[in-house]
Amino acid sequence: MKRWPLLAVLLALAAAASAQPINIEAGHFEMLLAEHKAMYTGGVVAVQGEREIRADNLTVYFNEDNDVVSMMAEGDPATLSDQAAEPPITVTGAALDYHFDEERVRVSGGGTLVQGEDRLTAEIIIYDLEAERAEAFSNAGGRVQLTLEPNSQK
């Protein structure tokens, strides 16, 4: 099994800057140009290549040049999956907040990152793409849990 530790999050999230189109389906869409944001609600599914976000609500923030600056997905749970990663990766939490300009993703509300049989669970998971630094913590006496399965030899 080929393993891509938390760095695989880079692949899952950097896709938003790729040349592939982002297709979004939702029950409702609202564009607020003056506030530089677009809001999608009701069973939101956003797909870009082999990457997908599923959420109850998705807010996309953009700048004056219409470049995406950040995205906030909220749900019960909100899910980001990357089928292109080997093995595929899934990140879930009540909120997934990705800041393109800061190259940082913050998963909160009981975050879980799963890749293959490996699993990281914490109240909050933060991954800084530029510094290649991950941090996970839980509030109120909770614990961070990490399960790493041994590599299988085939």
Side-chain angles (χ1 to χ4, degrees), residues 1-27 37-62 68-154:
M1 167 173 39
K2 187 175 183 183
R3 296 166 62 97
W4 303 70
L6 291 176
L7 184 58
V9 174
L10 170 62
L11 299 174
L13 298 171
S18 79
Q20 292 182 318
I22 300 173
N23 297 301
I24 302 174
E25 293 182 13
K37 69 180 178 180
M39 298 181 303
Y40 303 83
T41 58
V44 181
V45 178
V47 178
Q48 184 179 41
E50 294 189 63
R51 291 152 185 98
E52 176 180 274
I53 293 176
R54 290 187 174 268
D56 297 331
N57 306 302
L58 177 68
T59 303
V60 178
Y61 299 91
F62 51 92
V68 175
V69 176
S70 66
M71 298 172 83
M72 169 64 84
E74 298 172 305
D76 189 19
T79 302
L80 166 68
S81 63
D82 180 5
Q83 297 302 309
E86 184 57 42
I89 188 170
T90 302
V91 181
T92 60
L96 306 174
D97 187 11
Y98 177 54
H99 291 267
F100 293 73
D101 54 344
E102 298 173 9
E103 297 188 50
R104 179 177 47 90
V105 63
R106 182 177 194 272
V107 181
S108 61
T112 301
L113 187 150
V114 177
Q115 186 173 32
E117 299 298 317
D118 298 342
R119 174 181 296 269
L120 171 64
T121 303
E123 180 63 26
I124 297 172
I125 300 170
I126 300 172
Y127 188 70
D128 183 323
L129 303 170
E130 187 174 323
E132 295 183 358
R133 178 175 179 233
E135 183 177 5
F137 55 94
S138 292
N139 298 324
R143 307 281 288 173
V144 172
Q145 298 175 352
L146 178 64
T147 302
L148 297 172
E149 293 294 329
N151 284 326
S152 61
Q153 300 295 326
K154 294 186 179 186

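Since we're looking at a predicted model, the values are computed, not measured. Side chains are part of it too, since the values below use all heavy atoms of this structure and drop only hydrogens, waters and symmetry mates.
Distance check: Gln115 CD to Thr90 OG1 gives 9.0 Å after rounding to the nearest 0.5 Å. To the nearest 0.5 angstrom, Glu74 atom CD is 9.0 Å from Asp56 atom CG. How far CE of Met72 is from NZ of Lys37: 11.0 Å, rounded to the nearest 0.5 Å. Between Arg143 atom CZ and Thr121 atom OG1 the span is 13.5 Å, to the nearest 0.5 Å. Atoms CZ and CD1, from Arg106 and Ile124 in turn, are 4.0 Å apart once rounded to the nearest 0.5 Å. In this structure, CD on Gln48 lies 4.5 Å from CD1 on Ile22, to the nearest 0.5 angstrom.
Applying side-chain contact (heavy atoms from CB on, under 4.5 Å) to Ile53 and the options Val91, Val47, Leu80 leaves one that passes, Leu80.
Using a 4.5 Å heavy-atom threshold, the side chains of Thr112 and Arg119 count as touching. Between Thr59 and Asn57, every side-chain heavy-atom pair lies at or beyond the 4.5 Å cut-off.
Of all heavy-atom pairs spanning Phe62 and Ala38, the tightest one is CE2-N, 3.9 Å. Pairing each heavy atom of Val107 with each of Thr92, the nearest pair is CG1-O, 3.3 Å. The two residues Leu58 and Ile24 come nearest to each other via the heavy atoms CD2-CD1, 4.3 Å. What you find for Ala136 and Val144 is that their closest heavy atoms are O-CG2, 3.3 Å.
Every residue two or more places apart in sequence or in another chain was checked for a ring-ring contact (aromatic ring centres under 6.0 Å, His included) with Tyr61, and none qualifies. Residues passing the salt bridge (Lys or Arg N to Asp or Glu O under 4.0 Å) test with Arg54, sequence neighbours excluded: Glu52.
Summarising the local packing, CG of Asn139 is surrounded by more than 12 heavy atoms from other residues, nucleotides or ligands at distances under 6.0 Å.
Checked by atom type and distance alone, the side chain of Ser138 pairs as donor or acceptor with a backbone atom of Glu123 at under 3.5 Å. Looking at Asp82, its side chain never comes within 3.5 Å of a backbone N or O of Arg51 through a donor-acceptor pair.
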